[in-house]
2 protein chains.
Amino acid sequence: MMQDSCQVTVINEQRIAQARAQMPDEAVLVEVAETFKLLGDPTRMKILQALAVTELCVCDLAALLEMTSSAISHQLRLLRARGIVRFRKAGKIVYYTLDDSHVQTLVEVSLCHETEC
Amino acid sequence: MMQDSCQVTVINEQRIAQARAQMPDEAVLVEVAETFKLLGDPTRMKILQALAVTELCVCDLAALLEMTSSAISHQLRLLRARGIVRFRKAGKIVYYTLDDSHVQTLVEVSLCHETEC
DNA sequence: TAAACATATGAGCATTCATTCAAGTGAAGG
DNA sequence: CCTTCACTTGAATGAATGCTCATATGTTTA
């Protein structure tokens, strides 16, 4: 059995070196990927789209997306942990808003591209 | 046991209607999420970063990322299916390049934000 | 205080997914 | 031809993930 990772047979040493030199840190790439992963789920994408329009509480989001508030709450927890959404409490109701204009920009750009606007 | 989906207890009917009216089609949101999901993996993110620098063959990418070419090939297949990368054959070697400036923009914006450039 | 309610959260479960392993394809060279 | 090599691909596996269900928390109201 042979080692299938091209450790010996490098085809374009020059280009590899060039790419390696310009590659951002591993940690940075992992962080960026982590953010994209959060945007890579339909439920979370819908939540972000809705919050881009207006502030909403968990129950509103659940009604809008026709899902349980538990499911919504779980997803909001992930978005919160990344600082993508922010919340404010009004009694027992918790209102969520977007808290990362950078992410909002990404979504807008993508949406614009998808709908060819 | 009660129905936990807020179908009855709507808090802000007005806002829900407003959000619903401005929400893009379900299908569009799913598509956008699907693209983000592809960007949401460290391996694929590294591949895209490398290809943003220069054209590389599978073996080069494997060497650069220190992974098997099988693993790389599997990921390239997904990126190809979305039209994010393109390939050209040179004998038995297959060279890959980026094929979606929109995605490239997304990654650049994110990277720029992450590194506070 | 007790009940109702909005939300949060932990465990469980079914599904998805990234990688590995083994086998297959097609091109280049002996 | 036959072998080698770059790449692809299908199956298998272990890890990650999204949702449900049950329960907990904290707030409002009867």
Side-chain angles (χ1 to χ4, degrees), chain A residues 1-12 15-16 29-30 33-34 36-47 55-82 85-96, chain B residues 1-12 15-16 30 33-34 36-48 55-82 85-96:
Chain A
M1 188 40 46
M2 80 150 267
Q3 174 55 296
D4 187 24
S5 66
C6 277
Q7 285 163 341
V8 180
T9 318
V10 170
I11 308 281
N12 300 291
R15 290 186 185 176
I16 295 177
L29 287 179
V30 169
E34 202 64 39
F36 278 124
K37 185 184 289 181
L38 278 186
L39 304 181
D41 173 77
T43 299
R44 288 191 293 266
M45 183 56 66
K46 290 174 199 167
I47 290 175
E55 179 185 59
L56 291 167
C57 68
V58 178
C59 208
D60 289 340
L61 284 166
L64 179 60
L65 306 194
E66 292 175 338
M67 295 178 64
T68 64
S69 35
S70 176
I72 300 292
S73 190
H74 275 298
Q75 298 301 348
L76 285 171
R77 185 174 166 280
L78 299 176
L79 294 171
R80 239 163 41 211
R82 274 258 141 192
V85 300
R86 179 183 48 212
F87 67 93
R88 113 184 130 78
K89 295 188 177 177
K92 56 185 172 184
I93 300 180
V94 180
Y95 285 98
Y96 281 85
Chain B
M1 187 42 45
M2 92 154 253
Q3 175 55 293
D4 188 22
S5 66
C6 278
Q7 286 163 340
V8 181
T9 317
V10 171
I11 307 282
N12 300 291
R15 290 186 184 174
I16 295 177
V30 169
E34 203 63 40
F36 278 124
K37 185 184 287 181
L38 278 187
L39 304 180
D41 173 78
T43 298
R44 287 190 294 265
M45 183 55 66
K46 289 174 199 166
I47 290 176
L48 294 178
E55 180 186 58
L56 291 167
C57 68
V58 178
C59 208
D60 289 340
L61 284 166
L64 179 61
L65 305 195
E66 292 175 335
M67 295 178 64
T68 64
S69 35
S70 175
I72 300 292
S73 189
H74 275 297
Q75 299 301 347
L76 284 171
R77 184 173 166 280
L78 299 176
L79 294 171
R80 241 166 37 213
R82 274 259 140 194
V85 301
R86 177 183 48 209
F87 67 94
R88 114 185 129 78
K89 294 189 178 178
K92 55 186 173 183
I93 299 179
V94 181
Y95 285 98
Y96 281 85

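Computed from a prediction, not measured in an experiment: that's the story for all the values here. Convention: sequence-line order gives letters A, B, ...; per-chain numbering from 1.
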Exercise. Carefully, step by step, assess Leu61(A) and Leu76(A) under the rule side-chain contact (heavy atoms from CB on, under 4.5 Å).
Key: CA-CA 10 Å; Leu61(A) 284 166; Leu76(A) 285 171; 4.1 Å; yes

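As judged by a 4.0 angstrom heavy-atom cut-off over every strand, Phe87(A) is placed among residues making no nucleic acid contact. Tyr96(B) comes within 4.0 angstrom of sugar-phosphate atoms only, judged by non-hydrogen atoms across all strands, and of no base.
Taking atom CZ on Arg77(B) and atom P on dG24(C), their separation rounds to 18 Å, with Å as the unit. Here dT8(D) presents its C1' atom at 15 Å from CG of Leu61(B), a figure rounded to the nearest Å. Protein atom OH of Tyr95(A) is 13 Å distant from nucleotide atom C1' of dT7(C), rounded to whole Å. One interatomic measurement links the two molecules: NZ of Lys89(B) to P of dA6(D), which rounds to 15 Å at whole-angstrom precision. Counting to the nearest Å, the P atom of dA6(C) and the CG atom of Asn12(B) are 12 Å from each other. With rounding to whole Å, Ile11(A) atom CD1 is found 7 Å from dA6(D) atom C1'. The nearest whole Å value for the distance from the CD1 atom in Ile16(A) to the P atom in dA6(D) is 12 Å. In this structure, Phe36(B) atom CZ and dT17(D) atom P are separated by 18 Å, rounded to whole Å.
For the atom pair CG of Asn12(B) and OH of Tyr95(A), the computed distance is 4.0 Å after rounding to the nearest 0.5 Å. With rounding to the nearest 0.5 Å, the separation of NZ in Lys46(B) from CE in Met67(B) is 7.5 Å. Within the model, atoms SG of Cys57(B) and NZ of Lys89(B) stand 14.0 Å from one another, a figure rounded to the nearest 0.5 Å.
Ring pair Tyr96(A)/Phe87(A) is tilted by interplanar angle, where 30° to 60° counts as tilted.
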Practice problem: Using a 4.0 Å heavy-atom cut-off, write out nucleotides 15-21 of chain C from 5' to 3' as B (base contacted by protein), S (sugar-phosphate only) or - (no contact). | Solution: --SSBBB

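Annotation for Arg77(A): atom CZ does not count as buried by contact number, only 12 or fewer foreign heavy atoms lying within 6.0 Å.
The shortest heavy-atom contact between Pro42(A) and Ala33(B) is N-CB, 3.8 Å.
In this structure, of dT7(C), dG26(D), dG26(C), it is dG26(D) that holds the atom nearest to the side chain of Lys92(A).
Contact annotation: Arg80(B) reaches the phosphate of dT8(D) (side-chain N/O to OP1 or OP2, under 4.0 Å).
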